[in-house]
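Computation of the quantities below employed the complete heavy-atom set of this structure, encompassing side-chain atoms and omitting hydrogens, waters and symmetry-equivalent molecules. For the single chain, residues carry numbers from 1 onward in sequence order. Everything quoted here is computed from the prediction, not taken from an experiment.
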Amino acid sequence: MSDARNKKKKPVKSSSDAEAVNPIGRRLRELRKEQDWTLAEVSARTGISVGTLSKLEHGKTDLNFTSVNKLANGLGLPVTDLTNPGRRMQGRRAITMGGQGTTFITADMDYEILCSEVANHQQGYLKGVVKSHSFDPELPWHSHAGQEFLFVLSGRLELHTELYEPVQLKAGDSILFDSSMGHHYVSLGRKHAEILISMSLEGYQNVSDTFRPKKEKPL
């Protein structure tokens, strides 16, 4: 007779073991933490019951392909973000409708900040209307860390910099330059030039900070 005491018991899978083989449930839990969603909110977005979503997160059920698509579509994500989270794309996006961005008015330009809702991004995007029609040496130079890409949407622009001769650009032209170098924008002709700007946010939390005066350090 074999000794029953010598028989090895099969290991019981823990909830963490189940989650390890359920990447979709694990990814859903990550997304809920990132976006501060409740299971009820995810259910409303996707049409999948709260009970099924809870079981999915705890590794107690799997979804068929149709349900995975419902989950991805409801959350506004590509399916691969759920099925292959180790190589997922971030899937983030931001939209600014025309004229709906936060605006800043300065002496020489009006700025509209575009697509600023995505957190932790490293670029700022702006539409600018250049009001200056002549170079004013009394205005302080624009200067900020990193690089700036400029594309002329309409009109004609003259870009002044500290180290180069002024360059004239027309609609469709673009330039990339070191934005720590002082620069000024001037519209040529009667119309204000309109430009699109992409700039590094090095040293700033967001693009709006570039238009706020820095606090002086106490003496």
Side-chain angles (χ1 to χ4, degrees), residues 31 34-36 76-78 81 87-218:
L31 285 167
E34 290 171 6
Q35 303 296 331
D36 197 24
L77 300 171
D81 196 329
R87 297 179 58 188
R88 65 179 180 270
M89 297 175 65
Q90 290 296 320
R92 300 179 297 177
R93 73 177 190 180
I95 299 173
T96 301
M97 299 302 180
Q100 299 301 306
T102 303
T103 57
F104 288 85
I105 297 174
T106 66
D108 56 340
M109 284 189 66
D110 293 346
Y111 296 93
E112 179 184 2
I113 297 178
L114 309 175
C115 300
S116 60
E117 293 83 8
V118 176
N120 300 321
H121 58 308
Q122 300 302 311
Q123 290 293 118
Y125 305 95
L126 312 97
K127 180 182 178 182
V129 177
V130 182
K131 298 184 295 186
S132 290
H133 286 262
S134 61
F135 176 70
D136 184 354
E138 297 300 319
L139 282 177
W141 290 99
H142 296 288
S143 178
H144 44 90
Q147 294 182 320
E148 180 170 319
F149 173 81
L150 185 155
F151 181 88
V152 182
L153 296 169
S154 65
R156 292 188 300 131
L157 178 79
E158 187 171 70
L159 178 66
H160 293 253
T161 58
E162 289 179 301
L163 302 181
Y164 294 93
E165 291 296 318
V167 60
Q168 295 186 8
L169 303 168
K170 62 182 184 303
D173 293 341
S174 58
I175 187 171
L176 176 69
F177 59 93
D178 176 359
S179 52
S180 64
M181 172 177 58
H183 49 283
H184 273 303
Y185 317 99
V186 173
S187 287
L188 299 175
R190 299 177 62 183
K191 294 183 177 180
H192 295 338
E194 293 187 343
I195 60 178
L196 184 66
I197 297 172
S198 174
M199 55 182 283
S200 304
L201 294 183
E202 182 181 346
Y204 300 99
Q205 288 188 334
N206 56 63
V207 68
S208 297
D209 289 344
T210 66
F211 298 95
R212 299 190 179 107
K214 294 182 179 180
K215 294 181 180 179
E216 293 184 4
K217 295 181 179 179

For Y185 versus V130, what's the shortest heavy-atom pair and its separation? O-CG1, 3.5 Å
Considering residues at least two apart in sequence or located in another chain, which fulfil the side chain to side chain contact (heavy atoms under 4.5 Å, CB included) criterion with L196? L114, F151, L153
Across all chains, not counting sequence neighbours, the side-chain hydrogen bond (donor to acceptor under 3.5 Å, both in side chains) partners of H192 are H133
With H160 via ring-ring contact (aromatic ring centres under 6.0 Å, His included) - residues at least two apart: F135
Suppose we screen for side chain to side chain contact (heavy atoms under 4.5 Å, CB included). Which residues come up paired with S198, at least two apart in sequence or across chains? Q123, Y125, F149
Name all residues meeting the side-chain hydrogen bond (donor to acceptor under 3.5 Å, both in side chains) criterion together with E112; count only those two or more places apart in sequence or in a different chain, and write none if there are none. none
Could I get the full list of salt bridge (charged side-chain N to carboxylate O under 4.0 Å, His left out) partners for D136, not counting sequence neighbours? none
Would you mind reporting whether T103 and D110 have side-chain heavy atoms less than 4.5 Å apart? no
Rounded to the nearest 0.5 Å, what separation is found between the CE atom of M181 and the CD atom of Q147? 10.5 Å
Who are the side-chain hydrogen bond (donor to acceptor under 3.5 Å, both in side chains) partners of K191, not counting sequence neighbours? none
Heavy-atom pair of closest approach, residues A145 and S179: O-OG, 3.4 Å
Interatomic distance, NE2@H142 vs CD1@I197, rounded to 0.5 Å, equals 8.5 Å
Is it true that a side-chain atom of K131 and a backbone atom of T106 form a donor plus acceptor pair closer than 3.5 Å? yes
Indicate the ring-plane relationship of H183 and H144, choosing parallel, tilted or perpendicular according to the 30° and 60° boundaries. perpendicular
Using a 3.5 Å cut-off and no angle test, enumerate the donor-acceptor pairs between side-chain atoms of residues 163-177 and protein atoms at least two apart in sequence or in another chain.
residue : atom : partner : partner atom : Å
Q168    : NE2  : E158    : OE2          : 3.4
D173    : OD2  : K170    : N            : 2.8

Between A94 and C115 the two heavy atoms that sit nearest each other are O-SG, 3.3 Å
What pair of heavy atoms forms the shortest contact from I95 to M97, and how long is it? CG2-CE, 4.0 Å
Could you tell me which residues satisfy side-chain hydrogen bond (donor to acceptor under 3.5 Å, both in side chains) with S187, sequence neighbours excluded, listed by chain and number? none
Once you round to the nearest 0.5 Å, how far does NE2 of H184 lie from OG1 of T161? 11.0 Å
